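To start, the structure itself, in structure tokens.
Just follow the structure's listing: the first ligand is 1, and inside any ligand the first atom is 1. The basis for the numbers below is simple: all heavy atoms, side chains too, and nothing from hydrogens, waters or symmetry mates. Residue numbers run from 1 in the order of the sequence given. Small disclaimer: the values here were computed from a predicted structure and weren't measured.
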Amino acid sequence: MTRLLLIGPPGAGKGTQAVRLAEAFGIPAISTGDIFRSNVKNGTELGQQAKAFIDAGDNVPDSLTNALIRDRLAEADAKDGFLLDGYPRTTDQVRELDAFLAEHGTALEAVVEITADADEVVGRLRKRALEQGRSDDTEEVVRHRLDVYREQTAPLVDVYGSRELLVKVDGIGEIDEVTERITAGLAARGIGPRDAA
Ligand code: AMP
């Protein structure tokens with residue numbers, strides 16, 4: 001089955017593409033950001049622990065994030081495949097995911113990198129701030145999230161590149177166009193939706 005990751009800077013369109021791809025492939029889209037936000041909204045202990053990090057645009061500590069994703073990947077719907085959006089974000093999280101996959105005798109099939117330059121993502125997130133009112137979409141926090149991405153997450157692209165798992169896609173353009181680029185990139189590696197011939 002299909003086990004995929006989406007990596008890219010905030011505002012590259014990962015969430016939007018994740019939902020579309022997951023539907024096409026018949027696998028759950030798992031977004032650590034969404035899980036954290038729903039915990040914050042519901043006032044859970046995890047939400048209370050994560051909130052200050054999220055609002056500041058910092059990564060939530062690996063210990064919390066890794067525990068969360070272990071639980072989520074152990075759920076029945078993720079047994080045969082999943083698409084992770086926003087995880088892993090640090091080298092420690094890569095180690096954790098590697099360990100989880102090895103314990104389950106399985107592996108990733110591909111890592112999709114969605115690229116977009118800083119000016120583009122700041123513009124997009126400014127628009128999202130008006131539409132959705134996310135507490136971490138202010139310009140200052142967005143700039144910080146971009147720095148955190150560059151420092152902590154961008155190096156993962158090389159890690160997965162050296163494993164020859166990387167499918168790099170330009171995230172600038174219409175939503176449909178970007179989805180097509182991703183599905184074409186995956187198809188070129190022999191990875192297709194479950195109902196494809
Ligand atoms: P996102 O929805 O992916 O943009 O994530 C929003 C925020 O949730 C991030 O800025 C972090 O504070 C937190 N977060 C999401 N995923 C992770 C992760 N894998 N590791 C640490 N923090 C995360």
At what distance is the nearest protein heavy atom to [atom], and which residue and atom is it?
atom	answer
atom 19 (N) of ligand 1	G86 O, 2.8 Å
atom 22 (N) of ligand 1	V60 N, 3.0 Å
atom 8 (O) of ligand 1	I54 CG1, 3.9 Å
atom 16 (N) of ligand 1	T32 OG1, 2.7 Å

Compute the shortest N/O to N/O distance between [X] and ligand 1 and return yes if it is under 3.5 Å, no if not.
X	result
R37	yes
Q93	yes
D58	yes

Q. Would a distance-only check, ignoring hydrogens and angles, find a side-chain to backbone donor-acceptor pair under 3.5 Å from T90 to Q152?
A.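 Here the side-chain-to-backbone pair does not exist.
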Q: Verify whether one side chain among Q93 and N66 offers a donor that lies under 3.5 Å from an acceptor in the other.
A: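 Side chains of Q93 and N66: no pair found under 3.5 Å.
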Q.
Could you check whether R89 and T153, counting side-chain N and O atoms only, form a donor-acceptor pair closer than 3.5 Å?
A.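 No.
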Q) Do T115 and V169 have side chains that get closer than 4.5 Å, going by heavy atoms? A)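 A side-chain contact is absent here, since even the closest heavy-atom pair is not under 4.5 Å.
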Q) Is it true that K14 lies under 4.0 Å from ligand 1, counting heavy atoms only? A)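 It does not; every heavy atom stays at 4.0 Å or beyond.
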Q) Is the closest heavy atom of R134 to ligand 1 under 4.0 Å? A)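 Yes; R134 lies near enough to ligand 1 that a heavy-atom distance drops under 4.0 Å.
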Q: Take I191 and F25 through the side-chain contact (heavy atoms from CB on, under 4.5 Å) test and state the conclusion after the steps.
A: CA-CA 10 Å; I191 303 168; F25 281 83; 3.8 Å; yes
Q.
Please determine whether a side-chain nitrogen of the Lys or Arg among D136 and K51 lies less than 4.0 Å from a carboxylate oxygen of the Asp or Glu.
A.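 No, this pair does not count.
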Q.
Between the side chains of D147 and R150, is the shortest nitrogen-to-carboxylate-oxygen separation below 4.0 Å, so that they form an ion pair?
A.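 D147 and R150: salt-bridged.
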Q) Nearest heavy atom to atom 1 (P) of ligand 1: which of K51, R89, R145 does it belong to? A)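 Answer by nearest heavy atom: R89.
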Q: Please state which part of N59 comes within less than 4.0 Å of ligand 1, counting heavy atoms only: side chain, backbone, both or neither.
A: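 Both of them.
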